[in-house]
Peer 1: 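Okay, here's the structure, questions in a sec.
Atoms considered below: every heavy atom in the structure, side chains included; atoms not considered: hydrogens, waters and symmetry mates. Naming: A, B, ... by sequence-line order, numbering from 1 per chain.
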Number of protein chains: 2
Amino acid sequence: MPQTKKSTLVLVAERAGVSIASVSRVMNGLPASEQVVERVRKAADELGYAPNATARSLKAGKTEQIALAVADVGNPVYVGMMHEISRVVTKAGYRLVLSSTGSDPQDQIDLLTALNRGFADGLILSPLRVTEQLGEKLAGSRLPIVIIGSVPPGVELDNVRADSATGMGLAVQHLVEQGRERIALVNGPLDTVPGAARLGGYLRALEAHGLPANPEAQVAAKDFTYRAGLKAAARLLDQCTPDAVVCANDLLAIAVQKVVTSRGLRIPDDIAIVGMDDTELAELAQPAITSVDLGSVKRAKTAARLLLRRLDDPQAPIEQVVIEPSLTVRASSVSGARESGL
Amino acid sequence: MPQTKKSTLVLVAERAGVSIASVSRVMNGLPASEQVVERVRKAADELGYAPNATARSLKAGKTEQIALAVADVGNPVYVGMMHEISRVVTKAGYRLVLSSTGSDPQDQIDLLTALNRGFADGLILSPLRVTEQLGEKLAGSRLPIVIIGSVPPGVELDNVRADSATGMGLAVQHLVEQGRERIALVNGPLDTVPGAARLGGYLRALEAHGLPANPEAQVAAKDFTYRAGLKAAARLLDQCTPDAVVCANDLLAIAVQKVVTSRGLRIPDDIAIVGMDDTELAELAQPAITSVDLGSVKRAKTAARLLLRRLDDPQAPIEQVVIEPSLTVRASSVSGARESGL
DNA sequence: CTGTTAGCGCCTTCAA
DNA sequence: TTGAAGGCGCTAACAG
């Protein structure tokens with residue numbers, strides 16, 4: 001077994017009786033004579049030598065690390081995105097540093113200052129709320145940043161976002177086609193970017209289909225979690241009697257489903273439900289939930305690629321990508337679908 | 001707005017008209033005269049100076065990073081653990097590096113070699129399968145490692161593990177108390193540590209309660225995922241007629257629930273279901289699923305603390321912690337519970 | 001092909 | 001209090 005103490009170029013060089021430069025060359029596969037290669041290999045092996053990553057980073061001016069910060073861990077959609085980003089950047093030889101930011105915007109500011117210390121070569125950021133101060137900090141960053149979601153006005157950064165307003169449109173249209181007329185909305189907080197977008201899309205879609213927008217049919221959960229969804233759903237059902245509910249994400253949809261069922265109403269016969277994000281949760285649910293696929297995995301992959309590209313070529317033109325939504329229909333919104341195997 | 005170019009100690013020193021040592025001192029809050037502090041502050045501000053993390057690491061001999069590697073991302077239980085670990089290590093001033101390892105043991109070997117390059121100060125590892133080669137590598141690591149799960153025989157490392165055999169016992173006992181007699185098992189792969197432990201616990205528990213161990217009532221899914229669970233559940237119900245099913249985790253439990261329901265059987269009346277891990281999924285399910293809490297969050301927190309402690313004091317005695325399981329009873333296993341609000 | 005050397009950016013004795 | 005200088009471990013340019 002290799003030595004368990006730490007070892008450096010110098011130690012290996014001494015043991016092999018060559019210069020440190022030779023060791024470096026051998027370790028990096030640069031040309032060297034048979035003899036030297038042999039002896040260095042042996043010495044390195046015996047010492048269990050592994051080149052120090054930090055020293056290399058300092059020399060090279062890059063860390064081979066990419067930072068990822070999402071506001072809402074715990075939401076399954078982010079887990080999937082994280083997974084995908086991890087896959088892509090790892091394949092490109094980068095490590096992924098998870099920077100936990102809560103919903104507090106200050107966390108993100110701190111993160112950006114830390115980033116400027118160069119602990120990573122770039123950042124993928126998915127902010128829930130966008131403040132002016134955040135915008136400034138983003139603009140002033142020296143390192144490449146890719147935003148998942150909307151960029152603050154005036155900030156020129158690569159970004160990928162979902163078109164959740166159009167997604168809402170798909171959901172509403174589908175429900176209208178199913179003959180629903182009193183379509184309610186269970187949204188997340190309105191002061192978040194996604195929350196605002198979903199509300200806008202919902203109102204626009206109702207209007208497009210000539211349906212009235214009943215304020216009592218619109219509730220906003222305190223956040224995008226299951227628990228908050230339970231309360232919001234209860235409130236909704238207390239104040240109106242919809243025949244369909246669209247939800248800002250799948251967690252909220254499951255919460256609505258639970259409350260609806262517990263009140264003795266049937267899904268989809270009495271109330272149809274549509275979620276958003278099309279996570280595994282929608283499929284697991286009983287009955288399975290129709291959901292708007294906002295292309296989370298695709299967004300994640302695109303974001304990772306945009307960042308890799310910019311790291312490769314800092315001068316590349318800014319790209320702003322919008323991923324189109326699509327609808328995955330399941331049993332929760334189609335009468336008779338359960339029997340037909342959906 | 002601060003300059004957007006990169007800046008170093010030297011640049012700040014020049015601009016402030018002092019030596020780099022003085023700048024360093026001011027940045028680190030060491031004693032300096034009013035004047036110097038003032039001028040350095042100003043210069044640093046104007047340049048948007050932030051001390052380079054890599055250089056600091058090289059000098060200090062530590063990265064302030066902790067690596068985390070779990071085999072089975074996508075399983076909600078790991079998401080929760082990751083979240084908790086992130087919380088604890090962040091509070092202690094460390095960044096979390098996510099090292100994706102698939103189920104391939106070679107990935108973990110590679111990870112350990114990378115770790116010896118010192119990209120992080122320590123590692124938290126949760127392996128699904130434990131090979132001999134992994135054991136050797138673990139033993140030969142120069143950096144502190146905490147294992148979540150069982151350590152290979154002969155390897156002396158800090159570790160935290162769940163007692164899933166006892167957990168199985170709780171599940172079986174609960175079902176027996178509910179009057180169930182034909183208790184089936186939907187397990188994960190038997191060549192994984194958790195899979196083997198769960199099977200052992202199951203068999204032991206049956207015996208303890210004087211129940212026969214019917215081989216046809218035991219199936220092993222190909223992995224611990226929902227999809228694999230669907231197949232396993234179908235197989236199980238094809239070959240026997242249990243009145244209860246214990247599952248190796250909540251994903252499998254939900255799969256079983258789905259298949260059971262789709263075959264027109266009622267939960268819990270015809271078949272009771274118990275899951276494991278007690279994730280949010282168990283609560284979301286319809287009906288909610290009774291689940292064995294294996295203390296995942298507690299394990300995560302403990303693992304993080306053990307690693308922090310060892311980083312703080314490398315000489316500390318090895319600690320091996322076992323977290324006791326407990327049972328969270330929900331509607332899926334108690335007849336009449338749905339009406340009483342469980 | 002090989003060795004010597006100059007940094008990468010920072011912290012930290014050691015003198016002044 | 002302040003500055004000069006060495007070195008953390010490595011790579012790359014330059015001699016030999």
Peer 1: Tell me, which pairs form a salt bridge (charged side-chain N to carboxylate O under 4.0 Å, His left out) where one or both residues lie in residues 94-103 of chain A, sequence neighbours left out?
Peer 2: none

Peer 1: Who passes side chain to side chain contact (heavy atoms under 4.5 Å, CB included) against Thr113(B), sequence neighbours left out?
Peer 2: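 Lys137(B).
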
Peer 1: Heavy atoms of chain B, cut-off under 4.0 Å: which first and last nucleotide of DNA chain D, 5' to 3', fall inside that, if you could look?
Peer 2: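 First-to-last contact on DNA chain D, by the 4.0 Å heavy-atom rule, is dT1(D) to dG9(D).
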
Peer 1: Rounding to a whole Å, what distance do you find between Leu11(B):CG and dC8(C):P?
Peer 2: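 Distance check: Leu11(B) CG to dC8(C) P gives 11 Å.
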
Peer 1: Tabulate atom names and distances for all N/O pairs under 3.5 angstrom spanning the protein and nucleotides 9-11 of chain C.
Peer 2:
| from | atom 1 | to | atom 2 | distance (Å) |
| --- | --- | --- | --- | --- |
| dG9(C) | OP1 | Lys6(B) | NZ | 3.4 |
| dC10(C) | OP1 | Tyr49(B) | OH | 2.6 |
| dC10(C) | OP1 | Asn52(B) | N | 2.9 |
| dC10(C) | OP2 | Leu9(B) | N | 2.6 |
| dC11(C) | OP1 | Arg56(B) | NE | 2.6 |
| dC11(C) | OP1 | Arg56(B) | NH2 | 2.9 |
| dC11(C) | OP2 | Ser24(B) | OG | 3.1 |
| dC11(C) | O2 | Lys59(B) | NZ | 3.4 |

Peer 1: For Asn116(B), what residues pass the side chain to side chain donor-acceptor pair (under 3.5 Å) criterion, not counting sequence neighbours?
Peer 2: none

Peer 1: Output all residues satisfying side chain to side chain donor-acceptor pair (under 3.5 Å) with Gln133(A), sequence neighbours left out; order by chain, then residue number.
Peer 2: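 For Gln133(A) there are no side chain to side chain donor-acceptor pair (under 3.5 Å) partners, ignoring immediate neighbours.
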
Peer 1: Give a yes/no answer on whether the side chain of Ser22(A) brings an N or O atom under 4.0 Å of OP1 or OP2 in dG3(C).
Peer 2: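 Checking Ser22(A) against dG3(C): at least one side-chain N or O falls below 4.0 Å of OP1 or OP2.
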
Peer 1: Filter on salt bridge (charged side-chain N to carboxylate O under 4.0 Å, His left out), then keep only pairs touching residues 110-130 of chain A, sequence neighbours left out; what's left?
Peer 2: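 Checked against salt bridge (charged side-chain N to carboxylate O under 4.0 Å, His left out) - neighbours excluded - the pairs reaching residues 110-130 of chain A are Arg129(A)-Asp191(A).
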
Peer 1: Partners of Asp313(A) by side chain to side chain contact (heavy atoms under 4.5 Å, CB included), sequence neighbours excluded?
Peer 2: Gln315(A), Ala316(A)

Peer 1: So which one's nearest nucleotide on DNA chain C is more toward 5', Ser33(A) or Leu30(B)?
Peer 2: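 Looking at DNA chain C, the more 5' nearest nucleotide goes with Ser33(A).
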
Peer 1: Residues two or more places apart in sequence or in another chain: which of them pass side chain to side chain donor-acceptor pair (under 3.5 Å) with Glu319(A)?
Peer 2: Arg309(A)

Peer 1: Apply side chain to side chain donor-acceptor pair (under 3.5 Å) to Arg87(B) and list each qualifying residue two or more places apart in sequence or on a separate chain.
Peer 2: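 Checked Arg87(B) against side chain to side chain donor-acceptor pair (under 3.5 Å); matches are Glu84(B).
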
Peer 1: Once side-chain hydrogen bond (donor to acceptor under 3.5 Å, both in side chains) is applied, what residue pairs with a partner in residues 27-40 of chain B remain, sequence neighbours excluded?
Peer 2: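 Passing the test, one end in residues 27-40 of chain B: Asn28(B)-Arg56(B).
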
Peer 1: What bend angle does the helix from dC1(C)-dG16(D) to dA16(C)-dT1(D) show across its length, from five-pair end axes and to the nearest 10 degrees?
Peer 2: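 Result, rounded to 10 degrees: 50°.
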
Peer 1: Pick out which of Leu307(B), Asn159(B), Leu138(B) makes a side-chain contact (heavy atoms from CB on, under 4.5 Å) with Ile145(B).
Peer 2: Leu138(B)

